[in-house]
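Computed from a predicted structure; not experimentally measured.
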Amino acid sequence: MNKLPEIDDLVVYQNGIPQASESAIDLQEFKRGVNFSYLVVHRYQSATFLAVDLDNQSRLFQLGVLLKVISRGPVIMRDKEREVTVTWSWITRRFVGFVITHLRFAILRVHHWLKLKRLTNRHRRVRLKSQTRRVLYLRCDTWNGADLFGGSIAHISGVINSLLQQGWAVDLVSRGLLPLVDRRAGYLEVSYAVGCNDIVESAPFFLSKNISQAVKALSTEPPTFIYQRHALHAFCGVELKHHLRVPLVVEFNGSELWISENWGTPIRFPRLAESAEKTVLMNADLVVCVSEADRCLLKKMGVEKQRILLNPNGFDEKRFNPGVDGISVRRALAIDERFVFLFSGSFGVWHGVPFLVETFLGFAARHPEAVLVCVGDGITAPEARRVSENHPRIVFTGSVNPEDMPGYLAAADVLVAPHLPNPDGTEFFGSPIKIFEYLGMGKPIIAAELGQIGEILTHRKTALLYEPGNAEALAEACRQALDDQALRLSIASGAKTLSQSYSWSAHTHKIVKSLDERSRGA
């Protein structure tokens, strides 16, 4: 068990929030380090929690109680919008809400199950309405901090913006307004039930219900089709499909049950989650998946091949291109004269950032001119920082504004994607958006030869590929990239040429065309 810092004023921060000070502790580290025998002896003078969004913070009530117990003085919770002082009065009010929400959640689960029973076998296909060009986009995920960084925001904005550019009207239904999304898109904000995040796994139930109710309450003309990002327990797209009598397109990035069990928190209601996932996939008029592994999985789950569109991810060629200037970022990070290897992402388990950092430690000892920059934040960031041992040539930027990401990539000499295989031995099913953005920048790439990454990239032509999880192979790829300028230039040129085959515009064009073709046969 990790030991909590022996300081007077405790500062705990959530992933996605820059560290307030060197003594601040990440929320996950704090949870692992709580030792009540230690805290009986040492209580803090004050405690502060910094969050991305307090309204969407998981188990805020429980965290508030814990901080109040271990602090002699004031306890403050703060996000970018507001500040909450945790008092015993606040705890009492929150507890009452906690109990009420528990009762509502129990009733909601019953309703959820009954609706799924009714919708499971209702597989009617719906034709496109050619007289309209409007899309209803449902964002149903409940990730904390997902609005700030990571592939989800790149995908959402890429699809919406390219549809707008192609003359479609798009209405986004989401729990928050997202960065990078063109403001020409319509927007309907839908929130959770107050305090539902205090109860494990209740948020997706409430969000799916609220999205369905909010859209049904509108008196506008039905859209041409509904587009839903597949998410845990979210079947609102199916309800709205049958209510509005329009086709449903489902974006499938992997089974939510598998993702939660292997990369997240084990699911409390697996039968409900499995039923919701099956209902969504069986009712979708088109299921868009991003990799061959996902397509094979969908077939095993019973989705007919004619309803599946394999459509790898893409990138925004207007934002990610060789013309972006990275000089200001290099100066800000004090790496002007260094040879820069750079990773960017949300520090997911699959990204392998601790593995990259550990490998670089040995590499850096032999190559003093090299520096590693890790851009982003996430669940493995504390482990990666711990592995780095505060090495002066390993830089962690924390989360950055998505609009600034091209400048960070431009600051690199080599871009790295050290993805790791799935922990249970199943085939890697991702289509990493960072790979396409890396290609667009026209930079040399080092990447694990894993799943679709190895299918898209070619060794020594568009990237230096290495065996996933092999530290020696990764270090050798780094050495080749650093020592061989001609090879770097050749790979960069090949990467830029390959990038022309991938864009969000081409991605969405395939979706609309495929839906139209399948609609004709409905």
Side-chain angles (χ1 to χ4, degrees), residues 16 52-53 56 134-166 168-191 204 207-208 211 215 223 225-232 234 236-237 248-254 256 259 280 284 286-290 294 309 311-320 344-346 348 376 378 399-406 430-437 440 502-512:
V52 174
D53 183 355
N56 293 311
R134 179 168 159 259
V135 179
L136 180 65
Y137 190 110
L138 308 181
R139 183 216 175 195
C140 306
D141 66 69
T142 60
W143 299 343
N144 289 321
D147 298 355
L148 300 180
F149 53 82
S152 65
I153 179 57
H155 197 294
I156 294 169
S157 60
V159 169
I160 291 177
N161 293 347
S162 61
L163 285 170
L164 290 168
Q165 292 165 9
Q166 294 169 26
W168 289 81
V170 181
D171 293 319
L172 169 64
V173 184
S174 170
R175 66 180 177 85
L177 190 61
L178 304 177
L180 301 181
V181 172
D182 193 313
R183 293 301 180 257
R184 290 179 297 167
Y187 171 58
L188 175 62
E189 182 172 14
V190 178
S191 62
L207 185 61
S208 183
I211 286 176
V215 174
F225 66 90
I226 298 168
Y227 185 103
Q228 177 186 323
R229 279 180 60 88
H230 182 48
L232 183 66
C236 49
L248 171 64
V249 175
V250 172
E251 173 196 317
F252 183 81
N253 294 292
E256 289 297 322
I259 291 171
V280 170
L286 180 66
V287 182
V288 183
C289 64
V290 295
D294 269 345
L309 171 63
N311 199 14
N313 284 322
F315 76 105
D316 185 343
E317 62 269 39
K318 293 183 179 179
R319 298 182 60 237
F320 296 92
S344 69
S346 57
S399 60
V400 302
N401 190 320
E403 295 178 355
D404 297 331
M405 186 59 74
S431 177
I433 291 177
K434 68 168 67 2
I435 294 296
F436 303 102
E437 294 175 347
Y502 300 95
S503 68
W504 289 123
S505 179
H507 181 92
T508 52
H509 179 75
K510 290 178 184 177
I511 293 173
V512 174

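In terms of heavy-atom proximity, H230 sits nearest to G254 at CD2-O, 3.8 Å. Considering all non-hydrogen atoms of both residues, L136 and V215 come closest at CD2-CG1, 3.8 Å. Minimum interatomic distance between K434 and G345 (heavy atoms only, all atoms of both residues): NZ-CA, 3.8 Å. Contact detail for E256 and A231: the closest heavy-atom pair is CG-C, 3.6 Å. Across all their heavy atoms, A234 and S208 have their closest contact at CA-OG, 3.7 Å. Across all non-hydrogen atoms, the minimal contact from A185 to I160 is CB-CG2, 4.0 Å.
Under a 3.5 Å cut-off, the side chain of N313 and the backbone N or O of S431 do form a donor-acceptor pair. No donor-acceptor pair under 3.5 Å is formed between the side chain of E251 and the backbone N or O of H155. Counting only distance, with no hydrogens or angles, the side chain of S162 and the backbone of G158 share a donor-acceptor pair below 3.5 Å. The main-chain N or O of Y502 is never found under 3.5 Å from a side-chain atom of H507 such that the two would form a donor-acceptor pair. Here the side chain of N161 pairs a donor or acceptor atom with the backbone of L180 at under 3.5 angstrom.
Looking at heavy atoms from C-beta onward, D182 lies out of side-chain contact with V170 at the 4.5 angstrom threshold. Under the 4.5 Å side-chain criterion, counting only non-hydrogen atoms from C-beta, Q228 is in contact with C140.
Atom CZ of R184 is separated from atom CG of L163 by 11.0 Å, given to the nearest 0.5 angstrom. Note: I226 CD1 to C236 SG = 8.5 Å, rounded to the nearest 0.5 Å. Atom SG of residue C289 and atom CG of residue N311 lie 8.5 Å apart, to the nearest 0.5 angstrom. Within the model, atoms OG of S157 and CZ of R319 stand 7.0 Å from one another, a figure rounded to the nearest 0.5 Å.
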Pair Y187-V181, side-chain contact (heavy atoms from CB on, under 4.5 Å): steps then yes or no: CA-CA 10 Å; Y187 171 58; V181 172; over 6 Å; no

Walk me through whether N253 and R229 qualify under side-chain contact (heavy atoms from CB on, under 4.5 Å). CA-CA 8 Å; N253 294 292; R229 279 180 60 88; 4.1 Å; yes

Pair I433-F315, side-chain contact (heavy atoms from CB on, under 4.5 Å): steps then yes or no: CA-CA 7 Å; I433 291 177; F315 76 105; 5.6 Å; no

Report the C-alpha separation of L188 and D171 in whole Å, then their side-chain angles, then the decisive distance to 0.1 Å, and conclude whether the side-chain contact (heavy atoms from CB on, under 4.5 Å) test is met. CA-CA 7 Å; L188 175 62; D171 293 319; over 6 Å; no

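Taking the six-membered ring where the residue is Trp, the centroids of F436 and W504 are separated by 6.0 Å or more.
Below 30°, between 30° and 60°, or above 60°: for Y137 and Y227 the angle between ring planes is below 30°, a parallel geometry.
If you check the side chains of Q165 and S505, you find no donor sitting under 3.5 Å from an acceptor.
A side-chain contact (heavy atoms from CB on, under 4.5 Å) with R139 holds for exactly one of L207, L172, V190, I211; it is L172.
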